[in-house]
Trainee: 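Here it is: the structure, laid out below.
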Amino acid sequence: MEGRIEFFAQTSKWVVVKKLRVDDTVKDLEIARFLASVHETMDRKMWEYMSSILDAEKLDGIAAEVAGAVKGKKGFEVKGRVGEEKINEALARLKSPKTTAAIKELAPTKTAVELGKAYVFRRVLEFMGFPIEVDAKLVEKVQGELRDAGA
């Protein structure tokens, strides 16, 4: 069976075209990698466009404080081992009125606060080393390992 997956987006500031031709020789992981790549592109741009109402840089600062992260050469990260205690502390700070108040200061509406919370939650997990989305490069690495193993 033959098919294709296509993603096309065009705005005044952004154009992206991603295509994958699918036939019997295309493995499921290749499709997964392609879809992860599309998702990464959409996710990054979605938050970029959301920046018109929410300052991502300031939200990153809130997330860093919650996670106990510091800014390094590769962005924010938590130093040392991220164990149960650090995770519990971060989750408690994430749900605290102080964090909600900090997000409220940046959000123009009550509903925008919820968007801000979603962003901060995701970033806290990322800073602590728990990405919640599949990385296309990771899928590609798995493909290579399986290929090397003869699977």
Side-chain angles (χ1 to χ4, degrees), residues 1-84 86-87 90-91 93-95 99-100 103 106-151:
M1 184 173 154
E2 199 168 300
R4 64 180 186 248
I5 304 171
E6 298 178 357
F7 175 72
F8 174 79
Q10 181 179 6
T11 70
S12 60
K13 303 184 241 178
W14 175 55
V15 175
V16 66
V17 178
K18 294 181 181 233
K19 296 180 182 184
L20 177 68
R21 191 175 226 77
V22 181
D23 60 25
D24 294 337
T25 65
V26 176
K27 298 198 179 341
D28 288 349
L29 270 179
E30 191 171 342
I31 295 170
R33 187 209 51 78
F34 177 83
L35 293 173
S37 172
V38 169
H39 186 274
E40 286 173 358
T41 299
M42 290 187 331
D43 190 60
R44 185 177 61 253
K45 283 298 178 181
M46 177 191 64
W47 289 111
E48 195 175 297
Y49 280 100
M50 210 78 77
S51 70
S52 65
I53 62 162
L54 290 168
D55 186 329
E57 199 171 303
K58 288 181 181 174
L59 290 172
D60 278 348
I62 294 169
E65 186 177 325
V66 168
V70 293
K71 194 166 188 169
K73 292 178 183 174
K74 296 181 181 179
F76 286 103
E77 61 185 1
V78 174
K79 297 294 181 191
R81 184 178 172 278
V82 178
E84 227 176 276
K86 278 188 182 178
I87 295 166
L91 290 175
R93 283 192 297 266
L94 194 57
K95 293 294 280 181
T99 300
T100 300
I103 295 168
L106 302 175
T109 69
K110 189 175 183 176
T111 309
V113 171
E114 296 307 311
L115 288 174
K117 285 181 181 180
Y119 180 86
V120 168
F121 181 76
R122 292 170 62 116
R123 296 297 280 167
V124 165
L125 290 175
E126 287 173 18
F127 295 165
M128 296 186 83
F130 300 105
I132 59 173
E133 302 299 340
V134 175
D135 182 328
K137 290 177 186 161
L138 180 61
V139 177
E140 197 171 308
K141 189 173 181 178
V142 170
Q143 284 177 297
E145 291 171 351
L146 291 173
R147 191 173 37 254
D148 293 347

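It should be emphasised that the depicted structure is a prediction, and the values quoted were computed from it without experimental measurement.
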Trainee: For the residue pair D43 and R122, establish whether any side-chain heavy-atom pair is separated by less than 4.5 Å.
Mentor: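 Counting from C-beta outward, D43 and R122 do come under 4.5 Å.
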
Trainee: Could you pull out the closest heavy-atom pair between Q10 and V15, with the gap in Å?
Mentor: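 For Q10 versus V15, the nearest heavy atoms are CG-CG2, 3.7 Å.
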
Trainee: Please step through side-chain contact (heavy atoms from CB on, under 4.5 Å) for the pair I31 and L35, ending with a clear verdict.
Mentor: CA-CA 6 Å; I31 295 170; L35 293 173; 3.9 Å; yes

Trainee: Could you give the side-chain donor-acceptor pairs of residues 124-143 under 3.5 Å, partners two or more places apart or in another chain?
Mentor:
unit_1	atom_1	unit_2	atom_2	d
E126	OE1	R123	NH1	2.6
D135	OD1	K137	N	2.7

Trainee: Hey, what do you get for CD (E65) to CZ (F76), rounding to the nearest 0.5 Å?
Mentor: 10.5 Å

Trainee: Can you name the closest pair of heavy atoms from L94 and V66 and give their distance?
Mentor: N-CG1, 3.7 Å

Trainee: So does E6 have more than 12 non-hydrogen atoms from other groups sitting under 6.0 Å from CD?
Mentor: yes

Trainee: Identify whether the distance between the nearest side-chain nitrogen and carboxylate oxygen of R147 and E145 falls below 4.0 Å.
Mentor: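 So R147 does not pair with E145 through a salt bridge.
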
Trainee: If every non-hydrogen atom of T99 is compared with every non-hydrogen atom of I62, which pair is closest and at what distance?
Mentor: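 Looks like CG2-CG2, 4.0 Å.
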
Trainee: Distance check, rounded to the nearest 0.5 Å: E30 atom CD versus I5 atom CD1?
Mentor: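 Result: 9.5 Å between the selected atoms.
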
Trainee: Could you give me the CA-CA distance, side-chain angles and deciding distance for M42 and F7, then say whether side-chain contact (heavy atoms from CB on, under 4.5 Å) is met?
Mentor: CA-CA 10 Å; M42 290 187 331; F7 175 72; 3.5 Å; yes

Trainee: Go through it in stages, so that I can follow the logic: the residues are Y119 and L54, the test is side-chain contact (heavy atoms from CB on, under 4.5 Å), and I'd like the CA-CA distance, side-chain angles, deciding distance and then a yes or no.
Mentor: CA-CA 10 Å; Y119 180 86; L54 290 168; 5.9 Å; no

Trainee: Out of curiosity, E114 CD to T100 OG1, how far, rounded to the nearest 0.5 Å?
Mentor: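 It is 8.5 Å, given to the nearest 0.5 Å.
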
Trainee: Is there a side-chain contact (heavy atoms from CB on, under 4.5 Å) between K86 and R81 once you walk through the steps?
Mentor: CA-CA 9 Å; K86 278 188 182 178; R81 184 178 172 278; 5.9 Å; no

Trainee: Nearest heavy-atom pair of W47 and L115: which atoms, and what distance?
Mentor: CH2-O, 3.6 Å

Trainee: Is it true that, when you exclude K58 itself, more than 12 heavy atoms of the residues, nucleotides or ligands shown sit nearer than 6.0 Å to its NZ?
Mentor: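 Not buried by this count: 12 neighbours or fewer within 6.0 Å.
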
Trainee: Going by the rule side chain to side chain donor-acceptor pair (under 3.5 Å), which residues pair with T109 if we only count those two or more places apart in sequence or in a different chain?
Mentor: none

Trainee: Near F121 CZ, under 6.0 Å, is it more than 12 heavy atoms from other residues, nucleotides or ligands?
Mentor: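 Not buried by this count: 12 neighbours or fewer within 6.0 Å.
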
